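Here the structure is laid out as structure tokens; the discussion comes afterwards.
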Amino acid sequence: MTANTRRMGGLVVSALVSGALAVFLGLMAAVAPVLAILTTLLAVSALTLVGGYAWARHLAEGRSVLAVYLLLLWVWIINMPAIVAFDIRNIVRPELFNPQSIGRIALFFTVGFLFLVNYLRTPESDRVKLAHWPVVFGIPILMLSWYAIDSLLVLDGQELLLALFRVSEWVLLLLLLAAVIARAPSDVTQLQNWLLRVPFAVLVFSLLITIVVLPIAPGRAYFVGASGIGRLGNPFAHPNTLGVLAGMAFFYFLEKRPRFYWFGLVLSLATMLATYSRGAWVGFALASGVYMVMRPRSLVSKAFLVMGAAGLLTLAWATHDLYLSAAQKILSRGGDVTNLQTASERTEVWRAAKILISQSPWLGHGFVAGPKKLNEVMAGGRTGSYFRAAHAHNEFVQTQINAGVPATLLVVLFFFRAMYLLVALSRYADGTVARCVTAWWLMLWTFGLLTPTLSGQLLVLGSLLMYIHVMLEFVYFRCVGYARRGAFPYRNMRVVA
């Protein structure tokens with residue numbers, strides 16, 4: 001029996017099983033709707049885990065230890081308890097233990113326990129040590145260490161426990177990253193592509209779960225705000241988050257061209273547009289421009305690219321009056337256009353942030369506790385605002401509020417170190433990987449300038465940003481090591497140590 005025959009047989013069996021399950025659930029929905037919903041959730045969860053483990057086994061090339069680490073990393077990044085609706089901004093309901101927090105705590109201990117079991121079941125001879133770990137994880141460890149120290153200095157009681165738990169979530173992420181990256185292929189030409197494939201599972205899951213949920217439970221995937229504008233999301237990702245994930249998936253499909261990549265390109269682009277996320281759109285536009293510049297071209301094609309860009313800018317300037325009002329209406333999402341022009345909402349948030357920064361510039365107000373203090377300032381009427389923001393709408397501002405000047409300097413170092421690594425690796429790393437990672441990084445940081453990703457609880461975009469940073473550090477030192485031994489495979493290599 002050939003491989004194609006076996007594959008076709010597997011597809012037929014899968015289709016028959018899926019059809020039988022659909023009929024069974026349809027009958028159950030007519031008799032016992034609640035039981036049908038619970039059964040569906042359990043079935044979808046089981047299928048997702050089984051499919052995720054199968055993908056992890058494939059990516060790990062049959063190594064069970066690495067496959068478990070990969071599955072745990074994906075589950076931890078995706079944040080399964082996010083499907084439980086609750087006031088995550090802690091504005092309306094201030095309870096510490098709520099459905100989301102209980103689910104997150106349970107997931108933390110479950111993933112942590114399985115991580116420990118997987119580590120202990122590995123023979124001593126098979127345990128892999130991560131080279132250069134003090135440098136690869138140096139900046140993230142310094143950031144988390146300061147967050148923990150600062151929390152001990154400025155917080156107490158319930159807020160201190162919550163801050164330390166949030167720091168522990170990030171520590172667990174770093175442990176999972178170390179376990180996965182340490183087992184990456186040793187060959188430098190395979191290493192980069194393999195590391196790029198690891199987060200791709202998260203991007204695909206975000207797209208597929210949206211497709212699955214939209215026809216079954218439209219209310220959990222299509223959100224209509226107070227302005228009446230509909231936005232696409234899913235139970236695991238806010239529309240703004242899904243927009244960034246879809247844009248990142250687009251660049252992977254465009255550059256790596258996996259199976260059915262045309263379908264992936266259309267799906268990811270359509271999803272990003274349907275999220276109505278202005279931050280994702282801006283980040284995608286910026287990443288697209290840089291991506292086009294990084295593409296290998298002849299001198300003539302580059303000249304035409306520059307002339308084309310200049311022509312588009314000239315055309316846009318000549319016709320801006322015609323399209324400006326329409327663009328403002330779209331970007332305002334049905335709200336007041338003057339609000340968009342003056343950025344009044346963010347101005348109010350930053351005015352409140354300025355008050356908090358002036359109160360405690362060096363130590364801040366505590367990790368995770370900063371947004372709550374921001375809410376209190378805005379609710380107290382000290383800025384004349386009419387709403388309460390969930391955060392400071394900027395990673396650097398929120399970091400300053402949370403943990404003061406030392407934390408802000410570390411985040412700035414985190415930002416510029418990654419920028420240096422991107423520039424350095426673009427000179428001699430695999431071109432497809434360099435372009436894709438650069439586009440990802442630009443989209444994530446564009447979002448970070450509008451919404452904090454590192455200065456609070458661990459969420460999917462912050463996790464991916466941390467993964468990219470660690471990946472860049474590891475690939476950089478691996479490439480430099482090969483270069484110094486004269487074994488680097490690329491001819492245009494230049495050591496940038």
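Note that the structure is predicted; figures quoted are calculated from it, not measured.
- With contacts defined as side-chain heavy-atom distances shorter than 4.5 Å, the pair Val198/Leu70 qualifies.
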message: Apply side chain to side chain contact (heavy atoms under 4.5 Å, CB included) to residues Val475 and Val433 and explain how you reach the verdict.
response: CA-CA 11 Å; Val475 173; Val433 175; over 6 Å; no
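- Rounding to the nearest 0.5 angstrom, the gap separating the CG atom in Leu245 from the OG1 atom in Thr271 is 10.5 Å.
- For Leu232 against Leu242, the heavy-atom pair with the smallest separation is O-CD2, 3.8 Å.
- Under the 3.5 Å distance criterion, the side-chain polar atoms of Thr451 are left unmatched by any main-chain donor or acceptor of Gly448.
- Taking 4.5 Å as the limit, every side-chain heavy atom of Phe367 sits out of range of all side-chain heavy atoms of Asp150.
- Separating the CD1 atom in Ile77 from the CG atom in Leu458 is a distance of 8.0 Å, to the nearest 0.5 Å.
- Atom CG of Leu59 sits about 11.5 Å away from atom CG of Leu71, to the nearest 0.5 Å.
- Put simply, the side chain of Asn394 does not reach to within 4.5 Å of the side chain of Gln398, judged on heavy atoms.
- Note: Leu175 CG to Leu73 CG = 11.5 Å, rounded to the nearest 0.5 Å.
- Checked against side chain to side chain contact (heavy atoms under 4.5 Å, CB included), Ala418 has the following partners two or more places apart in sequence or in another chain: Trp441, His469, Leu472.
- To the nearest 0.5 Å, atoms CG (Leu153) and CG (Leu363) are separated by 6.0 Å.
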message: Please evaluate residues Leu356 and Leu374 with respect to the criterion side chain to side chain contact (heavy atoms under 4.5 Å, CB included), reporting the C-alpha separation (whole Å), side-chain torsions for both, the decisive distance (0.1 Å), and the verdict.
response: CA-CA 7 Å; Leu356 289 176; Leu374 187 66; 4.0 Å; yes
query: Which is it for Phe251 and Met443 under the side chain to side chain contact (heavy atoms under 4.5 Å, CB included) test, yes or no, and what are the steps along the way?
result: CA-CA 11 Å; Phe251 284 107; Met443 288 205 68; 4.0 Å; yes
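- A distance-only check finds a donor-acceptor pair linking the side chain of Arg63 to the backbone of Ala60 [under 3.5 Å].
- Between Tyr69 and Tyr119, the ring center distance fails the sub-6.0 Å criterion.
- Listed here is the closest heavy atom pair of Ala424 and Tyr476: CB-CE1, 3.9 Å.
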In residues 135-149, what donor-acceptor pairs under 3.5 Å come from side-chain atoms, sequence neighbours left out?
from, atom 1, to, atom 2, distance (Å)
Ser145, OG, Ile141, O, 2.7
Trp146, NE1, Ala403, O, 2.9

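- Listed for the Tyr467 side chain is a donor-acceptor partner under 3.5 Å among the backbone atoms of Leu195.
- The two residues Leu207 and Ala249 come nearest to each other via the heavy atoms CD1-CB, 3.8 Å.
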- request: With side chain to side chain contact (heavy atoms under 4.5 Å, CB included) as the test, would you mind laying out the steps for Arg478 and Gln192 before giving the verdict?
  value: CA-CA 10 Å; Arg478 181 68 66 86; Gln192 301 171 51; over 6 Å; no
query: Run the ring-ring contact (aromatic ring centres under 6.0 Å, His included) check on Phe205 and Trp74 step by step: do they pass?
result: CA-CA 10 Å; Phe205 172 82; Trp74 294 338; over 10 Å; no
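- For the pair Gln400 (side chain) and Pro361 (backbone), a donor-acceptor distance under 3.5 Å is present.
- Using a distance-only test at 3.5 Å, with no hydrogens or angles considered, no donor-acceptor pair links the side chain of Arg435 to the main chain of Tyr291.
- Across all non-hydrogen atoms, the minimal contact from His391 to Pro452 is ND1-CD, 3.4 Å.
- Here the OG1-CH2 distance, from Thr110 to Trp76, works out to 9.5 Å after rounding to the nearest 0.5 Å.
- For the pair Glu395 (side chain) and Leu454 (backbone), a donor-acceptor distance under 3.5 Å is present.
- The shortest distance between side-chain heavy atoms of Thr275 and Val244 does not fall below 4.5 Å.
- Minimum interatomic distance between Leu442 and Ala287 (heavy atoms only, all atoms of both residues): CD1-CA, 4.0 Å.
- Of all the heavy atoms in Met471 and Leu196, the pair that sits closest is CE-N, 4.2 Å.
- With a 4.5 Å cut-off on side-chain heavy atoms, Phe474 and Leu191 count as touching.
- Remark: side-chain polar atoms of Trp440 are not paired, donor with acceptor, to backbone N or O of Ile468 under 3.5 angstrom.
- No cation-pi contact links Arg197 to Tyr252, judged by a cut-off of 6.0 Å to the six-membered ring centre and 45° from its axis.
- Counting only distance, with no hydrogens or angles, the side chain of Asn118 and the backbone of Val65 share a donor-acceptor pair below 3.5 Å.
- Side-chain contact check for Ile78 versus Val460: every heavy-atom pair is 4.5 Å or farther apart.
- Checked by atom type and distance alone, the side chain of Arg166 never pairs as donor or acceptor with a backbone atom of Ser455 at under 3.5 Å.
- Between the Ser206 side chain and the Val202 main chain, a donor and an acceptor come within less than 3.5 Å of each other.
- Lys373 is not listed as a side-chain neighbour of Ile401, based on a closest heavy-atom distance of 4.5 Å or more.
- Contact of the Phe253 side chain with the Phe260 side chain is not registered, since no non-hydrogen atoms from C-beta on lie closer than 4.5 Å.
- Checked by atom type, the side-chain pair Arg278/Asn240 shows no donor-acceptor distance below 3.5 Å.
- Taking 4.0 Å as the cut-off between side-chain N and carboxylate O, Arg295 and Glu255 count as a salt-bridged pair.
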